Structure formats: structure tokens, C-alpha cells
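Encoded as C-alpha cells, the structure appears first; notes follow it.
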There are 2 protein chains.
Amino acid sequence: MNKPTTIYDIAEKLNISAATVSRVLSKSNYPVRAALANRIRATAEEMNYVPNSIGRQLKTNKTSTMGVIIPSITNPFYASVVSGIEEVASEKGFQILLCNSQQNPELEDQHLNMLFEKQVKGVILSSVSNRHDVLRKVMANGLKVVSVDQHMADFEAFQINFDYRKGGMIGTRYLLDQGHREIAYLTAPLTLTSRQQILQGFMDEMASAGLPVPPERIVVADKRRGKKAEGGSEEFENGKRMTRQLLDTGDMPTAIFACNDMTAFGVMDELASRKIKVPEQISVIGFDNLEFSEIVSPPLTSIEQPKYEMGRLACGMLMDWMDDSIRQTGEIMLQPRLVARTSVREIDS
Amino acid sequence: MNKPTTIYDIAEKLNISAATVSRVLSKSNYPVRAALANRIRATAEEMNYVPNSIGRQLKTNKTSTMGVIIPSITNPFYASVVSGIEEVASEKGFQILLCNSQQNPELEDQHLNMLFEKQVKGVILSSVSNRHDVLRKVMANGLKVVSVDQHMADFEAFQINFDYRKGGMIGTRYLLDQGHREIAYLTAPLTLTSRQQILQGFMDEMASAGLPVPPERIVVADKRRGKKAEGGSEEFENGKRMTRQLLDTGDMPTAIFACNDMTAFGVMDELASRKIKVPEQISVIGFDNLEFSEIVSPPLTSIEQPKYEMGRLACGMLMDWMDDSIRQTGEIMLQPRLVARTSVREIDS
DNA sequence: CTGAAAGCGCTAACAC
DNA sequence: GTGTTAGCGCTTTCAG
């Protein structure tokens, strides 16, 4: 716990220059006599030398730290994305500075600034904001950011997107194909573009089927930022609350489309506590295809998105970009896929 | 995207010294004439100055980054812990370097070393190792680490522990009280001390009830490190696999105790696919009380542990410790609580 | 192959 | 109040 050894300490002890020590200890391929190199390594070991990467970073202006900004880590969706990111990052020797924006655009901006000050060169961002001036600023100053999940319109960055609108359409079409006509749509606050897009998909598909959707059938959770529920079960509660709200109007659709699986779980829970059978009385469809969707009862029909792959792709792109293996900036649009299980029944008409 | 402005650039433009610029821009409370200070702030803004925290850190040897090492972020348990950590860290202006050990002790050591090289001063660790020499080394060199979740025997560090053994006892006692005598215990590999302790609790309670447990009733998943299942559903699969293994012996206990809820979900899924009713034919109890446990069907009886609080406590401790608001190093032992739902039935004897 | 010296951006004594 | 100077630990020309 005394002052840590530096390359100078080693140099001094060996009566050589710090430069030489650096050359061998930093694994540069600069030529150093093998014998000397070994002595250096030996005394480094012996003196318990640990390289100070801050010193190195200040000099080289290179870092092996990257930033990740997501709305919430307790959301299994983002946990999967992060896991994908972490995996390829760690393959390349990178570490991750994890930032939670908590759905708060200001926090997102703060994190962006802080990452930039910490001299990070690359960030993966799932943005909850729609004013991207801070983002623009840091990018203009050389920060490389690839976005995941949340599409940012007309933005000159790499984006790994997901076709949420099509997802909404596919889910709706499936319901329609099963004979449903009375469909309610429950969604978390429409702050995220992804959420808007799913809803849009729903509306579009209903419209093109010639089915009007009365406004009571679209229920949007009121946003209550501030204290998030412990453990992030907010969406579950949302689902319950919105279901109450929907049913308390006396309305009784044959199917409920929830904006994500967590919300759908809440829907199913509320339905169960009202002794309403799924899918016999009301069908439920979700979005995300969490792994839990397979094991709830009844197993939830949902829209799959490749969360883990999203993380991997995003991080791979970022790595290539930082390597200057530049591919031109562009978008990747990942496609939705319906996973039919048993929470939706066929209506015999 | 040109070279970033430094305090020297600002100083030059204003014909003053860099020291003065530093004094105002670093928010030290060193006296500077207000008018000058304002001019400095103005031109800093104008020149688009962003402080370089690497420069600062090299000088001050202080950092606002801390490390977190956990086995897997896709495990909702750890996601909650991390969320708790992140919350208090961010209150104190700290960021988190997130490291996944993937249940691999070598990776854990690597991360520890790397964090130390990055000059982090504090780490929160859920260790998967039982040889703690690297840990000891870095701690001897001044790194402060508080451990969560995984108890480390005779270790001179802060530990936020959880009484796993008592949890195992409580769960077993509950089963016993409900009239069960034929109980199987399924567990993930016993690499983690937490897992050993739950099993220990189970064994102790069975023993003190005078009930011998035949070895076939204790099934331990074989460890298959290497490629982890995508998204981390490994434990779910474990549960299924072990249930198959158990049942294929022809044995039919009245209750199954799973080492955690994820595993229990796998158990229930396998049971369901064999048309074995829970709890009518076999009762199931888990451990962790994930939020999903409430919404699976039937709702899973489980042992609650305050995951989120664990994270908060650990981080709070670490912060105090780094502040040198030293409390003597010690342990906090959090207590288990049974959450009875409907996956366990009462046996009429 | 090795060394001397400069400097990355910043802060903190110490002078004035 | 402000300036001068040194130096955190490291790498990297440039000489030799």
C-alpha cells in the first residue's frame, strides 16, 4: 500500500532508461535485447509493478473503455442487449462503462457528456430523447456512437434498428387472421419512438383491414418518472393498471395487444385476478419475446426481436468503426418474427 | 473534430495563466476575481472546451469510476443488484465499469487486474472463485472491494451477505410443515458458496427432522462452462434437464426444491410437458423470488432475498469507505423470508 | 539496440 | 488574486 512502482523505479534499479523499460513492458515490438528484456520483466514482477493505464492513456489518447447508455438494466430486454455488447467488447479487450438513463433525456445527455470527458471514443446508445443536440455536439467532436433499438430519424450515425412498425403489423395481422375484430392496444408512454412505431403498425394494419379503432381501445400509460418501482416492475404494474382502466369502461374486446411482454404479463395477471380466462375469453399478445414468455401460463404469443444479436452487431460495428475499418455509416434493420404460442385463440365466426 | 481545446488554449487567448483557468474551470474554491472567472467561463464555452478527466486523474489520482464484477448480467438477480449499485453510485457522481465473469474465476481475476490498472479505487464483487490470491494482491495494494452475495470465508473485507443456509432451512421447513417427506433438491453446479450453503441448509433441516436423503434425490447440474446459452437461459435448461434426470430414475418425490427461481421455472416447464400437475402431483419451491415468480402459473413459492437493497448497501459502504468515513470492516448478513404462493400444496397425511 | 528529452492535460505548491 | 513551475506515469521521436 506504499506508493506503486513506476517504470522509473524499475529503470533506476536496473540502471537503464525508462524508455527501455516502457518498450518491453508495453509489449511494443520495438527491439530490445532479449536478455535485458527478461531482466526487466523479472524485476517488474519482483517489484510488483502494475502499469498505470491512465498515464498511458494521457500519452497515447487511446482507451479500451467504451460507453453504453440504456434506459434500464433491470429490463431483461436491455440486459440481453448489454450481454451481447459485453461479449464482443470483451473479445476485443474492451470494458464497458454502463450508464442508466432511467428514461430521462437529461440524464442521457449528462452521461454522454461525462463519457466524453472520460475520453471514451465510442458509445452504444439506446436513446430516450428526441432532441439530440448534445449527441450531435459530442459526435461532431469525434465521439463515435452507434444507436440501438431506438431509431433516430435523419441521423448520420450507425444504427442498429428493429422494424417495430412491421412488428406491430405482424402482430395485428395475426390477431386478425385468428378472427379477432375487437382489439385493444395497451402501451407504455409513447416517449420512445419504438413504442410509437409499434402502435403505428397496429393502427395501419387495422386501418387497412377497414376496422376503426375507438379511442378507448388505445390506452396509454401515464408517465410517472421519478421513483421507479423497485426492480423495474413498473411495466408489469402498467399492464395491470391499464387493463383495469380498459375493463372498467365496460368494454370487452376479444384481444389485447400489449406493447411489450412485461406489460402483457401485467395484463394476464390482472385478467387472472378477475377470473377472466386467457385465451378463452380474451386473447393476449405481447412484444419482445422474453424468455419468460415461454413459461408463463398460458405461454405468451409474442413478437421476437433479436436482442442479443442487436448488442453483438452494435458492438461489432463500433469496434470496426473505431478501428477505422470504416464502412460507410448506415443502418441495419432487423426484422420481427411472430412466435405463436397459446395466449391467442382462434375465433370461430 | 480538430484538436480539442485545453486550458492552455484558453489561457493563451486571454493572456492569463493556465493555473487560473484551471482554478475556475475545475470548480475549486480558490479565489479568482469574479469578472475574470466569468470571462474564462465564457471563452471556455465559446471555444467549446471539454475538460479532460484523464489529465486530471493522472494528476490527482482520484477517479469517479468504480468497478462491478458479477457472474452474468442477464440473470435478473444480478441485474437488480447492479441496478441498486448504479443508483447510489450515480447519486454520488460515480460511474460503473461493468464486468461479467461468466462464472469463470480466471476471468474474474483478469477483470480485477484490469480494474486496478485502470486506477479504479473501489470494486463491488460477487466472486465465483475460491482462490482469492489476485483479490488479496490488489487489496493489499489499496483497492477497496466489498463483496456481495458470495460469502468469502475469513476475508478481511466488507461483505454484504445473505444467509443462504438459513434460506435453505426455511424453505425445507416449510415443505416439511406442509407434510412433505419425499423431497428432491436440484441445484446448479456447486461452484458458488451460496449454492453450497442453500444445499447445506436443506440437508441440515432434513437431518434434524430425522429424514435421510438418498443421493439420487440430490441432483447437481454438470457444469458446462464455455459457450453459455444465448441470453443466459442456461439455468432454465438446467432445471428441465435435472428434472428429466430425476424422473427418469423412476423416482417420484412429492416436492422439488430448486436452488433458484430460474431453475424452478425449468422444473415446472418440464413437469408441465410431462403432464405432471404442480402442485397437485409435485410441489415446487424456488429461491430468489424473482418478480416473475409471481406471475408464472402456478405462482411460485420462493425465498426472498433483498437483491436491490443488497446493491444499494454494498455501494453505500464502498462510497463511505472510499470517503474514509471508515467504519471498521465487517459483514452485514441479510435475512431470508419465505414468500408462500401456490406451487406447494399441503399433504394430508 | 539504448538513452535523453519532451509532452499528453491537468492541478498544486510556492512565489509574488 | 494571479503566475511559475513542476510533475502525475507513460510513450515516442530523435540521437547516438
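Remember, it's a predicted structure, so these values are computed and weren't measured experimentally. Residue numbering restarts at 1 for every chain, and letters A, B, ... go by the order of the sequence lines.
Rounded to whole Å, atom P of D/dT12 lies 14 Å from atom NZ of A/K27. Here D/dC10 presents its C1' atom at 16 Å from CD of A/Q119, a figure rounded to the nearest Å. As rounded to whole Å, 13 Å separates atom P of C/dC1 from atom CG of A/N29. As a whole-Å value, the separation of A/D9 CG from D/dG7 P is 15 Å. One can place CD1 of A/I10 at 17 Å from C1' of C/dT2, the figure rounded to the nearest angstrom. Counting to the nearest Å, the P atom of D/dC8 and the NZ atom of B/K121 are 15 Å from each other. Rounded to whole angstrom, the span from the CD atom of A/E12 across to the P atom of D/dC10 amounts to 14 Å. Look at CD1 on B/I40: it is 8 Å from P on D/dT2, rounded to the nearest Å.
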What does nucleotides 10-16 of chain C look like as a protein-contact string, B for base, S for sugar-phosphate only, - for none, at under 4.0 angstrom between heavy atoms?
-> BBBBB--
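In this model, a donor atom of one side chain and an acceptor atom of the other lie less than 3.5 Å apart for A/Y78 and A/D149. Judged by distance alone, the side chains of B/Q150 and B/S194 do bring a donor and an acceptor atom under 3.5 Å apart. Between the side chains of A/T65 and A/K118, no donor-acceptor pair is found at a separation under 3.5 Å.
The backbone N or O of B/V50 lies less than 3.5 Å from no partner atom in the side chain of A/E117, so there is not a single donor-acceptor pair.
Note that NE2 of A/H132 and CG of A/D109 are 8.5 Å apart. Values are rounded to the nearest 0.5 Å.
Counting non-hydrogen atoms under 4.0 angstrom, A/I54 reaches nothing in the nucleic acid.
Every side chain to side chain donor-acceptor pair (under 3.5 Å) that A/N113 has, sequence neighbours left out, goes to A/K137.
Annotation: of the two residues near DNA chain D, A/L58 and B/V32, the 5′-most nearest-nucleotide partner is B/V32.
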